[in-house]
Amino acid sequence: EITIPSSVKVVHYDSFTNCHIEKAIIGEGTKMLPNFLFKNCTKLKEIIFPESLEKMDTAVFEGCTSLESIIFPDTVNIDNAYSLLRDCVNLKYVKLPSTMKQIPQYMFSGCISLETIEIPEGVVEIETHFIQNCNNIKTIIIPNTVTALEYDAFIESGVEKIVFLGILSYFSLNCSS
């Protein structure tokens, strides 16, 4: 277990990469999680976020293969957190922050056990390869606020049904396996 105390204001990128921790507690007062912070922490199962968290950068949890679910606080901006959960092969459930405006590329790529993603109202763009190789997601509901769906968003995924609740102004689809 690792606890980032509330007295720590800045955490260096990749500080815990490849560590064998099972639980991470991010202290109240922490505002940002930098690039690759917990990358390849293959035993990480639980993360406790503070309400003070405002931003996450690229690939913070990439390769955390024991992580099964993650619920982001509504205060955090992950709009540019490319590959945030990439290759979290045991991840089954994700609740994204309600403040999210775009889902960045490769966010869930390689999350082969992922069954459910709750895409919040307010998301306007879904970028390329966001669920590549996510074969357990069968249905995805796109909220009415989404106006742009990038090419290859669903490539090499198990999606069988896509429900659009709104009208897209930009749409490019390739669902090849």
Side-chain angles (χ1 to χ4, degrees), residues 2-4 8-27 29-114 117-120 122-134 137 140 146 148-157 172:
I2 184 86
T3 300
I4 299 174
V8 173
K9 300 301 177 203
V10 177
V11 182
H12 191 270
Y13 74 94
D14 81 356
S15 292
F16 305 108
T17 294
N18 297 315
C19 286
H20 299 286
I21 55 175
E22 291 185 19
K23 182 177 182 179
I25 302 169
I26 316 298
T30 302
K31 296 194 180 295
M32 189 189 107
L33 299 183
N35 295 340
F36 317 115
L37 184 63
F38 295 104
K39 184 175 179 178
N40 295 326
C41 290
T42 57
K43 295 185 183 214
L44 185 63
K45 292 181 181 180
E46 184 180 2
I47 305 141
I48 299 176
F49 298 109
E51 288 300 314
S52 61
L53 192 60
E54 296 174 357
K55 186 176 190 296
M56 284 188 209
D57 277 340
T58 300
V60 173
F61 301 107
E62 182 176 350
C64 292
T65 56
S66 294
L67 197 59
E68 292 184 8
S69 70
I70 192 163
I71 299 172
F72 292 103
D74 288 334
T75 56
V76 69
N77 179 334
I78 57 175
D79 287 6
N80 293 308
Y82 302 107
S83 301
L84 181 65
L85 295 161
R86 188 176 194 162
D87 295 328
C88 293
V89 296
N90 285 305
L91 189 66
K92 291 181 177 66
Y93 173 81
V94 175
K95 182 179 182 295
L96 298 170
S98 64
T99 53
M100 194 165 196
K101 299 295 179 214
Q102 79 178 38
I103 298 176
Q105 59 188 335
Y106 298 101
M107 183 168 226
F108 305 109
S109 181
C111 296
I112 59 175
S113 299
L114 190 60
I117 303 171
E118 290 185 28
I119 300 174
V123 169
V124 294
E125 180 180 4
I126 298 174
E127 292 189 353
T128 186
H129 297 89
F130 99 104
I131 58 169
Q132 181 180 16
N133 298 321
C134 296
I137 296 177
I140 194 150
V146 173
L149 187 61
E150 295 289 331
Y151 182 75
D152 287 347
F154 304 107
I155 194 165
E156 298 174 4
S157 71
S172 179

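Atom set for the values below is all heavy atoms of this structure, side chains included, hydrogens, waters and symmetry mates excluded.
At a threshold of 4.5 Å between non-hydrogen side-chain atoms, the residues V76 and M100 do not count as touching. In this structure, the side chains of V123 and E125 stay at 4.5 Å or more apart for every pair of heavy atoms. When side chains are defined from C-beta on, Y93 counts as touching I71, because their heavy atoms get closer than 4.5 Å. A heavy-atom distance below 4.5 Å is found between the side chains of V11 and P34. The shortest distance between side-chain heavy atoms of F49 and T30 does not fall below 4.5 Å. The shortest distance between side-chain heavy atoms of L84 and T58 does not fall below 4.5 Å. When side chains are defined from C-beta on, Q102 does not count as touching F130, because their heavy atoms never get closer than 4.5 Å. Between I126 and I119 there is a side-chain heavy-atom pair separated by less than 4.5 Å.
The shortest non-hydrogen separation linking G63 to T42 is O-CG2, 3.9 Å. For the residue pair H129 and I155, the shortest heavy atom distance occurs at CD2-CG2, 3.5 Å. Nearest heavy-atom pair across F154 and I140 is CE2-CG2, 3.7 Å. For the pair P97 and P120, the tightest heavy-atom approach, listed with the atom from each and the gap, is O-CG, 3.2 Å. In plain terms, the two heavy atoms of P50 and P73 that are nearest each other are O-CG, 4.0 Å. Across all their heavy atoms, S157 and I131 have their closest contact at CB-O, 3.5 Å.
Counting non-hydrogen atoms of other residues, nucleotides and ligands closer than 6.0 Å to NZ of K92 gives a total above 12. Y82 OH: more than 12 foreign heavy atoms inside a 6.0 Å radius.
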- Query: Checking side chain to side chain contact (heavy atoms under 4.5 Å, CB included) for the pair I26/L33: CA distance, chi angles, key distance, verdict?
  - Reply: CA-CA 9 Å; I26 316 298; L33 299 183; 4.1 Å; yes

- Determine, stepwise, if the pair T99 / N77 fulfils side chain to side chain contact (heavy atoms under 4.5 Å, CB included). CA-CA 7 Å; T99 53; N77 179 334; over 6 Å; no

- Task: Could you check E54 against K31 for salt bridge (Lys or Arg N to Asp or Glu O under 4.0 Å), going step by step and ending with a plain yes or no?
- Result: CA-CA 5 Å; E54 296 174 357; K31 296 194 180 295; 3.7 Å; yes

- Message: Please evaluate residues I78 and M107 with respect to the criterion side chain to side chain contact (heavy atoms under 4.5 Å, CB included), reporting the C-alpha separation (whole Å), side-chain torsions for both, the decisive distance (0.1 Å), and the verdict.
- Response: CA-CA 10 Å; I78 57 175; M107 183 168 226; 3.4 Å; yes

- I would like to know whether I2 and F38 meet side chain to side chain contact (heavy atoms under 4.5 Å, CB included); could you show each step before the answer? CA-CA 11 Å; I2 184 86; F38 295 104; 4.3 Å; yes

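The CG atom of D152 sits 11.0 Å away from atom OG of S109, with the distance rounded to the nearest 0.5 Å. Summarising the geometry, atom CD belonging to E22 is positioned 11.5 Å from atom SG belonging to C41; distances are rounded to the nearest 0.5 Å. Taking NZ of K43 as the start and SG of C19 as the end, the distance is 12.0 Å to the nearest 0.5 Å. To the nearest 0.5 Å, atoms CG (D57) and OH (Y13) are separated by 12.0 Å. Taken to the nearest 0.5 Å, the OG atom of S83 stands 8.5 Å off from the CZ atom of F36. The line from SG of C134 to CG of L114 is 5.0 Å long, rounded to the nearest 0.5 Å.
In this structure, the side chain of T75 engages the main chain of L53 through a donor-acceptor pair within 3.5 Å. A donor-acceptor pair under 3.5 Å is absent between the side-chain atoms of S113 and the main chain of L91, judged by distance alone. In terms of modelled atom types and a separation under 3.5 Å, the side chain of D79 and the main chain of K101 share a donor-acceptor contact.
Test Q132, R86, E127, E150 against Q105 for side-chain contact (heavy atoms from CB on, under 4.5 Å) and you get one pass: E127. F61 pairs with exactly one of N40, L37, L85 by the side-chain contact (heavy atoms from CB on, under 4.5 Å) rule, that one being L85. Each of V94, N90, I47 was evaluated against L67; a single residue qualifies, I47, per the side-chain contact (heavy atoms from CB on, under 4.5 Å) test.
In this structure S98 satisfies the side chain to side chain donor-acceptor pair (under 3.5 Å) test together with D74, sequence neighbours excluded.
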